[in-house]
Colleague: 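Sending over a structure as structure tokens; questions will come in a sec.
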Amino acid sequence: MKFFQYFLLVGIAFAGQNTANCNGPIDKATCLTQDDFDHGTKIITASGAYKLCEDIEFGPNGPTVPNEPPHEDAFDPELGGDFGKNEFGLGFFSALCIAASDVTIYLNGYTIEQSPGHALMQRFFAIFELASSPFIAGVGPAQFVSENSTFVPASNIEIRGPGRIGRSSHHGIHGNENTNVKIIDVEFYDFEVAAVSLNNVDSLEISGCNVIRNREDVPVVGLFSAARFLRPYAKFLSQQGYELEFKNPNTGMFENKKAEDLYKNLIEAINNVYNDVIYGNGFIDKQKHEEEYHLFHNPFRVIDGPCYAFLVHGKGPAVGGQGERFEETDDTVTSSNIVISNNNIANIQCWNNEVPALFGKCGDHGCAVNDVRGSIFQTIKTFDPTNPHLALGEDGTYKGNVVSDVQIMVAQAILDKKLPEIPSRQTGPNSIKEEIIDWATQGTDLEPQFVCNGDSMHHVIKGIIAIRVEDTEGFTIERNTIHNIVNLSVKPFSNCDFYHIGASSENLEEVQSGNVRAISVAAVRGYSTGNRQSQIKHNKIGFISSEEANEIIGIDVQGDSEGTNIQNNAIDLIDPVVDDPHDERYISVRVREAVDGSITIGNNELFQKTQILNFSPGVRGHAKNQLKRLHSHISGDIEWELGGCPFASDYAKKQ
């Protein structure tokens with residue numbers, strides 16, 4: 001493995017290069033200081049060059065007195081003015097939002113990151129958001145683009161080092177619908193989901209970057225985010241004096257639960273977590289707060305969902321599976337001209353927390369049961385077999401907690417038409433219907449049907465992928481080094497009635513939680529001009545592990561893919577000190593069944609086996625015919641209109 005030691009030095013040497021560009025030289029750039037971020041997201045709407053002039057820690061509207069418990073609305077924006085009610089309805093989604101063209105950001109040797117307190121309380125976030133909102137219209141856990149505004153993507157953008165993009169509860173850099181983006185010589189660390197994640201981007205260069213690690217001290221799982229998102233609903237119902245009758249399982253008597261009490265319980269639980277994490281040892285104190293520990297504690301200290309270094313996807317969020325059909329007739333929904341080169345990627349860890357979703361009824365069709373913000377109504381947890389019960393008791397009856405009680409009450413208030421919808425309290429995603437409400441309030445037994453292979457937001461779980469490129473025409477992935485990628489996922493849940501219908505056709509009933517891919521491309525093509533192949537070449541890949549993987553793959557080509565050359569890569573996935581060199585799960589290069597025969601492979605140094613599964617035109621043709629078209633949500637339709645999840649229209653077909 002000497003090539004790894006050499007390439008690490010070469011990769012790191014790229015950091016520190018800094019050149020002027022067409023949007024303005026660094027000496028004439030506008031200074032950005034801590035003052036620009038103390039009251040909320042810095043929004044750039046004018047072209048020009050900007051530079052950090054000091055280290056930035058983003059945590060507006062938090063506690064100002066040491067050891068002070070957070071206010072019930074701590075870290076929230078005051079909606080209106082610069083902070084639109086739709087765009088910022090779920091909080092400050094970024095530190096720096098670029099809604100303009102021809103902008104250069106010089107990190108200028110400094111660091112910009114989320115504060116520990118804001119990272120705990122704002123669980124969806126990007127340091128840089130390359131658009132006016134984190135989602136295009138009609139997509140995401142809320143409607144982020146108001147009727148009187150438009151979605152404004154950034155174009156002709158450069159983010160240049162030297163400098164560091166640090167702690168973030170989701171992304172370092174995130175964007176949709178962008179054109180001409182360059183990310184050069186940046187060091188990334190302590191992001192939770194991805195260093196860079198861009199959907200439907202045309203012309204992207206990521207080069208000379210050093211991804212040194214993702215975050216390794218994440219204190220909570222996704223259910224804590226659900227608790228945070230429920231606050232405005234519970235607060236409103238509390239102010240209205242709303243009550244809901246529940247049957248007490250101990251006395252058999254019916255009792256009214258007041259929204260005021262449920263709201264206080266929710267805020268108290270959130271504050272207990274905050275105090276333990278921020279003012280304590282960084283994690284929830286099991287002895288002091290046993291219920292909060294049971295609900296929210298993260299046992300592996302890394303993000304509990306799929307994670308990446310660099311992610312390039314087609315139109316809409318990358319929440320489904322991989323490897324469907326390439327969209328031949330509409331180039332407005334695919335990415336193009338992607339270059340990811342000369343980067344060092346190391347020390348990426350996560351675990352995919354499989355959250356079984358109840359399969360319920362939404363009108364005359366089926367749906368996954370989720371709350372008003374799209375979070376799964378969690379009844380059990382799969383990673384703790386000694387105490388798996390959340391809302392579902394061992395005897396099949398409802399076992400309330402501070403989150404599920406509010407989810408049930410909000411769902412009933414929607415049915416009672418007691419919860420008027422405003423941008424900060426949208427109700428469309430809710431699919432907790434009468435059947436589940438009656439079970440929770442009447443003390444009856446539930447015989448659950450579970451949908452597996454989804455996370456806490458019912459996104460398809462996909463393991464770890466260091467570099468993921470899909471729905472793309474023309475890409476070059478070259479001279480990157482990828483090493484020490486570790487998946488900590490536990491065994492998949494086995495009591496499944498259905499599997500996530502958003503999974504790709506190639507993986508419909510295979511839970512991907514434990515899998516690892518260093519490089520994955522799916523539904524891709526060569527370059528549209530010059531009849532050139534896309535390239536995966538001169539990459540160095542090694543030291544990848546997972547206890548519960550079905551496959552551990554260096555380079556994976558999936559779905560309806562054509563026109564790619566895989567050449568001069570060095571791949572040795574196994575650490576000989578700890579791994580079994582005969583483990584059949586390790587695959588250097590895999591080409592899936594539906595991939596076109598135009599994929600070429602040559603002159604690679606491969607230490608593990610190669611799997612070529614598209615070995616005949618007949619196999620390829622049959623496999624391609626089995627692939628689904630793009631999910632409906634990807635084209636910008638209102639994804640929640642059927643009540644449920646981004647895949648509601650697909651679940652509708654199951655009833």
Side-chain angles (χ1 to χ4, degrees), residues 131 135-140 151 153 155 175-181 197-204 310-340 459-460 462 465 467-477 501-508 520-534 536 556-564 591-599 614 620-639 646-650 653:
F135 291 94
I136 59 177
V139 170
F151 178 82
S155 61
N176 287 278
E177 309 291 302
N178 305 115
T179 304
N180 297 330
V181 177
S197 179
L198 298 175
N199 302 310
N200 203 24
V201 56
D202 293 318
S203 296
L204 166 68
F310 305 133
L311 167 58
V312 176
H313 179 62
K315 191 178 185 74
V319 297
Q322 310 156 71
E324 299 295 357
R325 295 279 188 101
F326 181 82
E327 181 53 69
E328 300 277 10
T329 61
D330 185 1
D331 62 8
T332 67
V333 300
T334 54
S335 293
S336 65
N337 299 317
I338 307 302
V339 176
I340 301 174
H459 301 162
V460 177
K462 295 171 282 287
I465 306 171
I467 298 177
R468 177 184 174 189
V469 174
E470 61 190 28
D471 307 322
T472 295
E473 184 174 55
F475 65 89
T476 297
I477 302 171
I501 205 161
S504 65
S505 304
E506 293 175 316
N507 305 308
L508 273 179
S520 174
V521 298
V524 295
R525 293 291 186 269
Y527 288 87
S528 60
T529 59
N531 197 29
R532 293 183 295 138
Q533 287 182 301
S534 290
I536 304 175
D556 202 13
V557 185
Q558 303 185 79
D560 173 18
S561 294
E562 300 176 4
T564 301
V591 177
R592 297 296 294 267
E593 292 86 343
V595 175
D596 185 85
S598 61
I599 304 294
N614 65 337
R620 293 198 298 271
H622 176 74
K624 186 172 179 177
N625 288 336
Q626 301 305 306
L627 296 179
K628 293 178 286 189
R629 288 290 181 186
L630 301 174
H631 293 294
S632 58
H633 76 284
I634 204 169
S635 58
D637 298 335
I638 301 299
E639 66 177 40
F647 311 97
S649 60
D650 297 301
K653 301 168 188 175

Colleague: If you look at every heavy atom in Tyr527 and Thr476, which pair is closest and at what distance?
Modeller: OH-OG1, 2.7 Å
Colleague: Side chains of Ser520 and Asp556: any donor to acceptor distance under 3.5 Å?
Modeller: no
Colleague: Do the charged groups of Arg325 and Asp560 touch, with an N to O distance under 4.0 Å?
Modeller: no
Colleague: Minimum heavy-atom separation for Pro153 to Glu177, with atom names?
Modeller: CB-O, 3.4 Å
Colleague: Determine whether Glu328 and Arg525 make a side-chain contact, defined as any pair of heavy atoms from C-beta on separated by less than 4.5 Å.
Modeller: yes
Colleague: For Arg620 and Asn614, indicate whether the former's side chain and the latter's backbone hold a donor-acceptor pair under 3.5 Å.
Modeller: yes
Colleague: Carefully, step by step, assess Ile465 and Gln322 under the rule side chain to side chain contact (heavy atoms under 4.5 Å, CB included).
Modeller: CA-CA 11 Å; Ile465 306 171; Gln322 310 156 71; 3.3 Å; yes
Colleague: Step by step, would you call Arg468 with Lys462 a side chain to side chain contact (heavy atoms under 4.5 Å, CB included)?
Modeller: CA-CA 11 Å; Arg468 177 184 174 189; Lys462 295 171 282 287; 3.3 Å; yes
Colleague: Of all the heavy-atom pairs spanning Gly526 and Ser534, show the shortest one and how long it is.
Modeller: CA-OG, 3.5 Å
Colleague: Can you name the closest pair of heavy atoms from Asn200 and Thr332 and give their distance?
Modeller: ND2-O, 2.8 Å
Colleague: Is there a side chain to side chain contact (heavy atoms under 4.5 Å, CB included) between Val524 and Phe326 once you walk through the steps?
Modeller: CA-CA 7 Å; Val524 295; Phe326 181 82; 5.8 Å; no
Colleague: Which atom pair, heavy atoms only, marks the closest approach of Gln558 to Ser561?
Modeller: O-OG, 2.7 Å
Colleague: Is a donor on one side and an acceptor on the other found under 3.5 Å between the side chain of Ser203 and the backbone of Thr179?
Modeller: no
Colleague: Which distance, rounded to the nearest 0.5 Å, do you find between the CD of Glu470 and the CG of Leu311?
Modeller: 7.0 Å
Colleague: Is there a side-chain contact between Thr472 and Val521, using heavy atoms and a 4.5 Å cut-off?
Modeller: no
Colleague: Please name the pair of heavy atoms, one in Phe151 and one in Ala131, separated by the smallest distance, quoted to 0.1 Å.
Modeller: CZ-CB, 3.4 Å
Colleague: When you look at Phe475 and Ile340, which way does the side chain to side chain contact (heavy atoms under 4.5 Å, CB included) test go after all the steps?
Modeller: CA-CA 8 Å; Phe475 65 89; Ile340 301 174; over 6 Å; no
Colleague: For Asn178, is there any backbone N or O sitting under 3.5 Å from a side-chain donor or acceptor partner on Ser155?
Modeller: no
Colleague: When rounded to the nearest 0.5 angstrom, what is the spacing between CD in Glu473 and CG in Asp202?
Modeller: 9.5 Å
Colleague: Do Thr564 and Glu562 have side-chain N/O donor and acceptor atoms under 3.5 Å apart?
Modeller: no
Colleague: Taking atom OG of Ser335 and atom CG of Leu204, what is their separation to the nearest 0.5 Å?
Modeller: 8.5 Å
Colleague: Is it the case that more than 12 heavy atoms not belonging to Asn625 sit under 6.0 Å from its CG atom?
Modeller: yes
Colleague: Under 3.5 Å, is there a donor-acceptor pair between the side chain of Ser504 and the main chain of Gly321?
Modeller: no
Colleague: Measure from the side-chain N and O atoms of Glu327 to the backbone N and O of Asp471, and report whether any donor-acceptor pair falls under 3.5 Å.
Modeller: no
